[in-house]
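Along the sequence shown, the residues carry numbers beginning at 1.
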Amino acid sequence: MRYRLSIFFLSAFALFFAGCGDEDVPFVSDTDEITRFVTSSADGRELFRADSLMLEVDFTVANGTASYIDIIDSVTRTIDVDIRGPFDFGNLGQLKEAVAVVNDLFYVRTLRADSVFAPIVSRTRLLQRYGYFLKLGDDSRPFLGWKLYGYNGFGASSAPLNVSVRTTDGNTSFIGDDRSLTNVAKALGMSYIKLEDIEEIENGSTLLIETKSLSPKKYYNLLSVASSAGFVTTPMSAVDSIHHTVSLKMSTTNKRFWDIMMIQTLKDSIPAGNLVKAWCIPYRVKQ
């Protein structure tokens with residue numbers, strides 16, 4: 001009987017001290033934290049927002065003989081993360097790098113605005129963006145130390161246009177196509193612009209966007225931006241067969257630190273709504 005009681009107390013003693021050990025810490029992955037940065041951080045939400053980018057808008061194609069309207073039904077998002085390294089970043093030290101590929105797939109119906117009998121064309125339009133991350137801190141820091149270091153609003157393919165963006169007061173001008181991506185990842189094969197190099201636009205500025213097509217094919221272009229009239233998507237005016245332009249006043253009350261404008265280039269053909277490419281142009285909001 002004493003033997004059995006000794007075994008009982010020894011077992012209870014061992015279990016007590018086992019329970020007093022370190023608590024299990026749940027595993028958190030770098031991939032999950034980079035994804036959470038895109039969806040939850042202020043920088044991620046602003047630079048990768050999908051809301052108010054594709055809005056209903058009237059436009060004309062085929063030499064202005066028909067008027068059309070886009071109706072946005074829904075959007076689905078996927079985020080893929082690739083991590084490499086560490087690599088030598090000079091003064092920054094040995095760091096891991098990562099790219100988050102953010103794909104937003106918009107489901108769009110395009111219909112004739114001037115006829116109830118014309119067929120409705122349903123298509124998807126892909127907006128692809130890259131975030132370039134460096135692990136600048138350790139696992140005890142927010143998002144396991146991953147910081148958004150660079151941005152690519154164009155995705156895997158080049159823009160079909162040369163784009164210039166400038167304010168009419170002459171204080172700001174910059175390139176709005178992939179020529180602005182002057183930095184290259186160590187191993188991930190992507191180009192990006194450093195966040196610190198993104199240009200600043202003052203609230204209330206009047207902006208002039210001019211495009212030049214890189215193809216003899218005829219395109220029409222839609223611009224989405226936070227304007228003084230709220231979020232708008234507006235057709236760009238054709239200067240000739242390859243040049244388009246639009247001028248508008250920016251929002252006077254934009255409270256974001258970062259914002260984006262988006263260009264959609266579509267084929268000037270029937271049926272309408274056939275996307276060539278959509279991409280985002282980032283800017284810093286001067287408060």
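- Both F87 and M190 belong to a common hydrophobic cluster when Ile, Leu, Val, Met, Phe, Trp and Tyr are linked at side-chain heavy-atom distances under 4.5 angstrom.
- Taking all atoms of both residues into account, the shortest heavy-atom contact from I34 to A100 is CG2-CB, 4.0 Å.
- Atoms CG and OG1, from L105 and T78 in turn, are 8.5 Å apart once rounded to the nearest 0.5 Å.
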Q.
Using the rule given for side chain to side chain contact (heavy atoms under 4.5 Å, CB included), can you reason through I263 versus W279, listing the C-alpha separation, both sets of side-chain angles and the distance that settles it, and then say yes or no?
A. CA-CA 6 Å; I263 293 179; W279 70 95; 3.6 Å; yes

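- Under the 4.5 Å side-chain criterion, counting only non-hydrogen atoms from C-beta, Y132 is not in contact with Y151.
- Side chains of S29 and D32: a donor on one and an acceptor on the other come within 3.5 Å.
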Q: Starting from the C-alpha separation in whole Å, work towards a yes-or-no answer on side chain to side chain donor-acceptor pair (under 3.5 Å) for K277 and S157.
A: CA-CA 8 Å; K277 185 171 180 62; S157 60; 2.9 Å; yes

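- Here CG of L53 is found 9.0 Å from CD of Q264. Values are rounded to the nearest 0.5 Å.
- The backbone N or O of A159 lies less than 3.5 Å from a partner atom in the side chain of D178, making a donor-acceptor pair.
- Ring-centre distance between Y130 and Y192: not below the 6.0 Å cut-off.
- For the pair R49 (side chain) and D51 (backbone), a donor-acceptor distance under 3.5 Å is present.
- Here the side chains of L127 and F106 are in contact, with some heavy-atom distance below 4.5 Å.
- Around CZ of R77, the count of heavy atoms belonging to other residues, nucleotides or ligands within 6.0 Å exceeds 12.
- No donor-acceptor contact under 3.5 angstrom links the side chains of S205 and T167, judged on distance only.
- Residues T234 and V57 are not in side-chain contact: their nearest non-hydrogen atoms beyond the backbone lie 4.5 Å or more apart.
- The line from OG of S224 to CE of M262 is 4.0 Å long, rounded to the nearest 0.5 Å.
- Minimum heavy-atom separation, S180 to F154: OG-CE1, 4.2 Å.
- Between V225 and V232, the closest side-chain pair of non-hydrogen atoms falls below 4.5 Å.
- Although no hydrogens or angles enter the test, the distance criterion places a donor-acceptor pair under 3.5 Å between the side chain of K249 and the main chain of G204.
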(Q) Before you tell me yes or no, could you show the steps for I83 and E97 under side chain to side chain contact (heavy atoms under 4.5 Å, CB included), namely the whole-Å CA-CA distance, both residues' side-chain angles and the distance that decides it to 0.1 Å? (A) CA-CA 6 Å; I83 301 171; E97 67 175 9; over 6 Å; no

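- The distance from the CD1 atom of I120 to the OG atom of S122 is 7.0 Å, given to the nearest 0.5 Å.
- Note on ring orientation: taking the six-membered ring where Trp is involved, the planes of F59 and Y68 are parallel (angle under 30°, cut-offs 30° and 60°).
- The cluster map of Ile, Leu, Val, Met, Phe, Trp and Tyr, joined by side-chain heavy atoms under 4.5 Å apart, puts L214 and I209 in different clusters.
- Under a cutoff of 6.0 Å and an axis angle of 45°, K186 and F89 form a cation-pi pair.
- Applying side-chain hydrogen bond (donor to acceptor under 3.5 Å, both in side chains) to R129 and the options D104, N152, N103 leaves one that passes, D104.
- Of the inter-residue distances, the one linking E33 atom CD with S41 atom OG reads 11.0 Å to the nearest 0.5 angstrom.
- In plain terms, the two heavy atoms of R166 and S173 that are nearest each other are CB-CB, 3.8 Å.
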Q: Before giving the answer on side chain to side chain donor-acceptor pair (under 3.5 Å), spell out for D70 and T110 the whole-Å C-alpha distance, their side-chain angles and the decisive distance to 0.1 Å.
A: CA-CA 5 Å; D70 281 342; T110 303; 2.8 Å; yes

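- Hydrophobic clustering (ILVMFWY, side-chain heavy atoms < 4.5 Å, transitive): L181 and I175 are in distinct clusters.
- In this structure, V285 and E200 approach most closely via the heavy-atom pair C-CG, 4.5 Å.
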Q. Are K135 and D30 close enough, and set up right, to give a salt bridge (charged side-chain N to carboxylate O under 4.0 Å, His left out), and what steps lead you there?
A. CA-CA 9 Å; K135 192 156 187 175; D30 288 301; 2.9 Å; yes

Q: Any chance you could lay out the side chain to side chain contact (heavy atoms under 4.5 Å, CB included) test for F133 and K147, step after step, and finish with the verdict?
A: CA-CA 5 Å; F133 289 80; K147 300 294 183 182; 5.8 Å; no

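- Side-chain atoms of L95 and D88, non-hydrogen and from C-beta on, never get closer than 4.5 Å to each other.
- K286 has its side chain out of reach of N203: every pair of non-hydrogen atoms, C-beta onward, lies at least 4.5 Å apart.
- Listed for the E199 side chain is no donor-acceptor partner under 3.5 Å among the backbone atoms of R284.
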Q: Could you please spell out the steps behind the side chain to side chain contact (heavy atoms under 4.5 Å, CB included) verdict for T172 and Y283?
A: CA-CA 11 Å; T172 303; Y283 61 94; over 6 Å; no

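- Considering all non-hydrogen atoms of both residues, N254 and A226 come closest at ND2-CB, 4.3 Å.
- In this structure the side chain of T265 reaches within 4.5 angstrom of the side chain of L161, judged on heavy atoms.
- Between D197 and N183 the shortest heavy-atom distance is OD2-ND2, 4.5 Å.
- With values rounded to the nearest 0.5 angstrom, D139 atom CG is found 10.0 Å from W146 atom CH2.
- Looking at E46, its side chain never comes within 3.5 Å of a backbone N or O of D259 through a donor-acceptor pair.
- Under the 4.5 Å side-chain heavy-atom criterion for Ile, Leu, Val, Met, Phe, Trp and Tyr, V121 and Y219 are members of distinct hydrophobic clusters.
- Cluster membership for L188 and L134, using ILVMFWY side-chain heavy atoms within less than 4.5 angstrom, is shared.
- Contact check for K267 versus V276: side-chain heavy atoms found under the 4.5 Å cut-off.
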Q) Is there a side chain to side chain donor-acceptor pair (under 3.5 Å) between S140 and D138 once you walk through the steps? A) CA-CA 5 Å; S140 67; D138 58 39; 2.4 Å; yes

